[in-house]
Amino acid sequence: MAGKLEGKVAFITGAARGQGRSHAIRLAAEGADIIAVDICAQIGSVAYPMSTPEDLAETVKEVEALDRRIVAHQADVRDEAGLRAAFEAGVADLGPVDIVLANAGIAPMSLGEEPHEAWQDVIDVNLTGVFNTVEIAIPSMIERGQGGAIVLTSSTAGINGIGGSGRGGLGYTASKHGVVGLMRSYANTLAPHRIRVNSVHPTGVNTPMVVNDVMQQFLASDPSLANELANALPVDMVEPVDISNAILWLVSDDARYVTGVTLPVDAGFTNKK
Amino acid sequence: MAGRVAGKVAFITGAARGQGRSHAIRLAHEGADIIAVDLCGQVATVPYEMSTPEDLAETVKEVEALDRRIVATQADVRDYGAVKAALDDGVAQLGRLDIVSANAGIFSFGALEEMDETTWQDMIDVNLTGVWHAAKAAIPHLRAAGGGSIILTSSTAGLKAIPNTGHYSSAKHGVVGLMRTLAQELAPDMIRVNSVHPTAVDTDMIQNSATYELFASDLPEAERTKDALAPRFGMLNLLPIPWVEPVDISNAVLWLASDESRYVTGVTLPIDAGLLIK
């Protein structure tokens, strides 16, 4: 049986591990070829270990195991020129892009005083990085005239005031709210080109960004936080594939008339708030 | 390949035609058995022809053509006893319940100041109370199955007001309140509750002379054709289309019904061609 995305090409940022890798594998399983980028390096204000070149190589291996093609490059979403070069290299090999997943993100929350640069770093990666990703991809999508689908990864912190009072946590929440503004504006401006733009809003996902000593200490430091962040459904976290399944639906023709939508995948968290 | 809702049973109200029939066929195509109800009769204040027993028989035929089972009953969602009896009978025959699509709805219009009380009350009774009845009757069965998914059909008018449809907007906004409350009440039992919010859908509920009059009272009646009306419906949408097809709503319902959305609850999901953010 043909996959839902046969013949499509998807550009995915933050694809080395976690949700990004899961998206690459899920979309590839449905027939898409993948242009993958990831920073594969540490950012100073981020207290948990970030991705590595080996992580990105593992994503490549898993996509290729599905008999799909993947072009993967190390690139920082904050670096417009580097990101553009990676995108163009992918298009040169795989052809024009139909799908864009702006997934790369950091969560520079930590116990005690969060580093001064945390605010700027998280705004740069989570908001400006998303802007760079979309800006780089859309001219060729518009020129081609075949429409397309863009999904921006926001968060429950993109529709709720959560994340704590530190510089990193406030920046995280502000950046993820900002992504919603980007999504709505792009949905409006790109609709005439039949390019759909939506955002997903995960609750805690079982990935290295959440499941690490620093984040667990941060969450354990304030007992009221655990209660405040509890989901409505009796699950502590969702899995990366749950976000991938939402994104797969949004980018497939099953959602051909869905645009401008904020889609929580949050085990009822937002509704319970 | 196994269907996306294989082995599940779905209860669908308003299943004789339009979106409800489309949901029945789409879910059956992905492996679900169906418990269908429909009024198959007229509500006096509704200005277009409603469904018939023949329509419901056609839904039965189309589901059976997919080799799925269907138990179909004429029942009025305003009558809780009738809804419960039809559902209980369906569960007795098909063995379980996993999915609810509370889809039955009517459309009529008029400015709130001039609206007669019966028009208001019929709308609230069918489009709001009828939705609660479907959910209420289903909850014990879903609990017995160890969880499930309830999808309430609201509308873009459930999130945004449109003049001259105040009773419809009120009922559809009420559906959101119902959804949000049920989502909280049922989350501990792994029963998910979400609402879908279609823009105009190409069904008999909008493709009729009464609705055409609402959208094109300036045109002589003879000129109020589907083609002439398309641009007027299209003006509401952000994407360059006049309306969506029933299957587009079914694809959203299918996703919400399937395990692909196993942790999605309490969500208002527009299928609206961008109407709400335009």
Side-chain angles (χ1 to χ4, degrees), chain A residues 1-2 4 26 147 180 183-198 200-205 230-239 241-250 252-273, chain B residues 1-2 4 26 147 159 176 179-201 237-245 247-256 258-278:
Chain A
M1 186 177 150
K4 284 181 175 299
R26 190 76 191 84
V180 175
M183 180 279 284
R184 290 187 173 134
S185 296
Y186 279 132
N188 273 309
T189 56
L190 297 175
H193 305 289
R194 288 185 175 261
I195 297 170
R196 303 181 294 103
V197 190
N198 298 286
V200 290
H201 300 264
T203 185
V205 185
N231 294 322
L233 293 175
V235 292
D236 290 338
M237 278 184 295
V238 304
E239 297 297 324
V241 72
D242 294 305
I243 316 307
S244 303
N245 282 333
I247 285 176
L248 171 62
W249 182 72
L250 284 170
S252 76
D253 287 344
D254 285 352
R256 64 184 171 166
Y257 299 136
V258 176
T259 193
V261 167
T262 55
L263 179 55
V265 184
D266 72 349
F269 174 85
T270 299
N271 183 53
K272 175 174 164 259
K273 261 314 259 186
Chain B
M1 185 179 146
R4 292 160 66 190
R26 190 76 190 86
L159 297 168
V176 175
M179 179 279 284
R180 291 186 169 139
T181 309
L182 286 168
Q184 291 200 31
E185 291 180 354
L186 302 177
D189 297 309
M190 284 305 281
I191 298 168
R192 304 183 292 108
V193 190
N194 298 284
S195 54
V196 291
H197 299 263
T199 182
V201 184
N237 295 330
L238 183 58
L239 294 173
I241 54 167
W243 35 65
V244 301
E245 299 298 323
V247 72
D248 294 303
I249 316 308
S250 302
N251 282 331
V253 167
L254 170 62
W255 184 70
L256 288 170
S258 78
D259 291 341
E260 293 153 30
S261 65
R262 63 184 172 166
Y263 298 137
V264 176
T265 191
V267 167
T268 56
L269 180 56
I271 301 98
D272 71 345
L275 180 146
L276 287 166
I277 62 146
K278 189 174 178 180

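Residue numbers start from 1 in every chain, and the chains themselves are labelled A, B, ... in the order their sequence lines are given, proteins ahead of strands. Since this is a predicted model, take the numbers as computed values, not measurements.
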A.B. asks: Could you walk me through whether A/T270 and A/H201 satisfy the side-chain contact (heavy atoms from CB on, under 4.5 Å) test, starting with their C-alpha distance in whole Å, then the side-chain angles of each, then the deciding distance to 0.1 Å, before giving a yes or no?
C.D. replies: CA-CA 9 Å; A/T270 299; A/H201 300 264; 6.0 Å; no

A.B. asks: Could you tell me whether a side-chain N or O of A/N188 sits under 3.5 Å from a main-chain N or O of B/I277, the two making a donor and an acceptor?
C.D. replies: yes

A.B. asks: Under 4.5 Å, counting heavy-atom pairs only, tell me which of B/V264, B/D248, B/V244 racks up the most with chain A.
C.D. replies: B/D248

A.B. asks: With chain A, which of B/R192, B/M179, B/E260 has the greatest number of heavy-atom pairs at distances under 4.5 Å?
C.D. replies: B/E260

A.B. asks: Who among B/N237, B/D272, B/T265 has the most heavy-atom pairs with chain A under 4.5 Å?
C.D. replies: B/T265

A.B. asks: For the candidates A/R196, A/E239, A/R256, A/K272, which exhibits the highest count of non-hydrogen atom pairs separated by less than 4.5 Å from chain B?
C.D. replies: A/R256

A.B. asks: Output the option from B/E245, B/K278, B/R262 having the highest count of non-hydrogen pairs under 4.5 Å with chain A.
C.D. replies: B/R262

A.B. asks: Name the option with the most non-hydrogen atom pairs under 4.5 Å to chain B; the candidates are A/G260, A/S244, A/A191.
C.D. replies: A/A191

A.B. asks: Nearest 0.5 Å please: distance from the OG1 atom of A/T203 over to the CE atom of A/M237.
C.D. replies: 9.5 Å

A.B. asks: Which answer fits A/V265, side chain, backbone, both or neither, if we ask what part of it has an atom under 4.5 Å from a heavy atom of chain B?
C.D. replies: both

A.B. asks: Would you indicate whether the side-chain heavy atoms of B/R26 and B/V253 approach each other to under 4.5 Å?
C.D. replies: no

A.B. asks: Has B/Q184 got a side-chain atom pairing as donor or acceptor with A/A232's backbone, closer than 3.5 angstrom?
C.D. replies: no

A.B. asks: Of the backbone (N, CA, C, O) and the side chain (C-beta and beyond), which part of B/L186 lies under 4.5 Å from a heavy atom of chain A, both, or neither?
C.D. replies: neither

A.B. asks: Does any heavy atom of chain B fall under 4.5 Å from the side chain of A/L263, the backbone, both, or neither of them?
C.D. replies: side chain

A.B. asks: In Å, rounded to the nearest 0.5 Å, how long is the span from CG of A/L250 to CH2 of B/W255?
C.D. replies: 7.0 Å

A.B. asks: Measure distances from B/V247 to the heavy atoms of chain A and classify the residue's part below 4.5 Å as side chain, backbone, both or neither.
C.D. replies: side chain

A.B. asks: Looking only at non-hydrogen atoms, find the nearest pair between B/A187 and A/P234 and report the distance.
C.D. replies: O-CD, 3.2 Å

A.B. asks: Name the region of A/V238, side chain, backbone, both or neither, that has any atom closer than 4.5 Å to a heavy atom of chain B.
C.D. replies: both

A.B. asks: Is a side-chain donor or acceptor of B/N194 paired with a backbone partner of B/L256 at a separation under 3.5 angstrom?
C.D. replies: no

A.B. asks: Counting only heavy atoms closer than 4.5 Å, note whether A/A255 contacts chain B via side chain, backbone, both or neither.
C.D. replies: neither

A.B. asks: So, the side chain of A/D254 versus the backbone of A/W249: is there a donor-acceptor pair under 3.5 Å, distance only?
C.D. replies: no

A.B. asks: Sort B/L239 into side chain, backbone, both or neither according to what part of it lies under 4.5 angstrom from a heavy atom of chain A.
C.D. replies: both

